Asks: 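The following block contains the structure, expressed as structure tokens.
As the structure is a prediction and not an experimental result, all values here were calculated from the model. Each residue takes its place number in the sequence, starting with 1.
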Amino acid sequence: MSPAIILSALLQLFPHMSGNNRQCIERDRARIVAQLDDLRNNPPNGVVVPIDVIVPVAFLETHLGCDAHEGGNWGAPISAARRHTAGTHRNAARILVVGFQRCGTWEKSIYRFRTGHCTRRGLRADVAAIGDQYLRRINALRRRLVAATAASR
């Protein structure tokens, strides 16, 4: 799946978005595609995050960096020590890669991205419910994107 094709599929799936997110994504399309290419060509820790993982996460977290006050962030801080300082696409990918390496699957990595844990075991019920809902939403978007890109071929 190429970055340009998946981004086109995403825009096709969501003709209406909150705020000015759609206009921002369209305006910044070249930047977003370049960031996805960067992650594929220079992967964090040598592990490529599948495009059908990073795009849904970045979209649901920050509409690919276009949400108000995100500063281009894709949903992860610059570091654990600076939790309220927006990171880049590389920070989000690095956190997903670390989750994959620690948890063993991309699904568990996605769950960890939201909750800080690979599984719901040991989590408070409300945090586990947030993680479960987040994973369901990401997986639904993943399926829709894969289907939309397959249909465009």
Asks: Less than 4.5 Å apart, side chain to side chain, heavy atoms only: is that true for Tyr134 and Ile110?
Replies: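 Sidechains of Ile110 and Tyr134: in contact.
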
Asks: For Phe100 and Trp106, take the angle between the two ring planes, folded into 0 to 90°, and tell me which bin it lands in: parallel under 30, tilted 30 to 60, perpendicular over 60.
Replies: parallel

Asks: Checking the side chain of Asn91 only, and the main-chain atoms of Thr88 only, is there a donor and an acceptor separated by less than 3.5 Å?
Replies: yes

Asks: Side chains of Ser8 and Arg29: closer than 4.5 Å at any heavy-atom pair?
Replies: yes

Asks: Yes or no on side-chain contact (heavy atoms from CB on, under 4.5 Å) for Asn21 and Phe59, after CA distance, side-chain angles and deciding distance?
Replies: CA-CA 10 Å; Asn21 288 344; Phe59 182 74; over 6 Å; no

Asks: Could you tell me whether the side chain of Leu7 reaches within less than 4.5 Å of the side chain of Leu10, counting heavy atoms only?
Replies: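 When only atoms from C-beta onward are counted, Leu7 and Leu10 do touch, with a gap below 4.5 Å.
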
Asks: Under the side chain to side chain donor-acceptor pair (under 3.5 Å) criterion, do Gln35 and Arg31 qualify, and how do the steps go?
Replies: CA-CA 6 Å; Gln35 289 171 317; Arg31 170 191 57 84; 2.8 Å; yes

Asks: Is any side-chain heavy atom of Leu145 closer than 4.5 Å to a side-chain heavy atom of Val55?
Replies: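 They are in side-chain contact.
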
Asks: Report the distance from atom CG of Leu135 to atom CZ of Arg120, rounding to the nearest 0.5 Å.
Replies: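 Going from the CG atom of Leu135 to the CZ atom of Arg120 covers 11.0 Å.
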
Asks: Side chains of Asp37 and Arg40: closer than 4.5 Å at any heavy-atom pair?
Replies: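 Asp37 reaches Arg40 side chain to side chain.
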
Asks: Less than 4.5 Å apart, side chain to side chain, heavy atoms only: is that true for Val127 and His117?
Replies: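 No; the side chains remain at least 4.5 Å from each other.
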
Asks: Rounded at 0.5 Å granularity, tell me how far CZ in Arg22 sits from CG in Leu11.
Replies: 4.5 Å

Asks: Test: salt bridge (Lys or Arg N to Asp or Glu O under 4.0 Å). Region: residues 97-115. Which pairs qualify, not counting sequence neighbours?
Replies: Glu61-Arg114

Asks: What pairs of donor and acceptor atoms, side-chain ones from residues 46-54 against any protein atom, are under 3.5 angstrom apart with sequence neighbours left out?
Replies:
| from | atom 1 | to | atom 2 | distance (Å) |
| --- | --- | --- | --- | --- |
| Asp52 | OD2 | Arg142 | NE | 3.2 |
| Asp52 | OD2 | Arg142 | NH2 | 3.1 |

Asks: Is it true that a side-chain atom of Thr149 and a backbone atom of Ile6 form a donor plus acceptor pair closer than 3.5 Å?
Replies: no

Asks: Given the rule in the side-chain contact (heavy atoms from CB on, under 4.5 Å) test, do Met1 and Val146 qualify, once you have shown the distances and angles that lead to the verdict?
Replies: CA-CA 8 Å; Met1 227 181 300; Val146 167; 3.8 Å; yes

Asks: Would a 4.5 Å heavy-atom cut-off, applied to side chains only, mark His63 and Met17 as touching?
Replies: yes

Asks: Please determine whether the number of non-hydrogen atoms from other residues, nucleotides or ligands lying under 6.0 Å from atom CD of Gln12 exceeds 12.
Replies: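 Open.
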
Asks: Heavy atoms, side chains only, cut-off 4.5 Å: are Asp132 and Tyr111 in contact?
Replies: yes

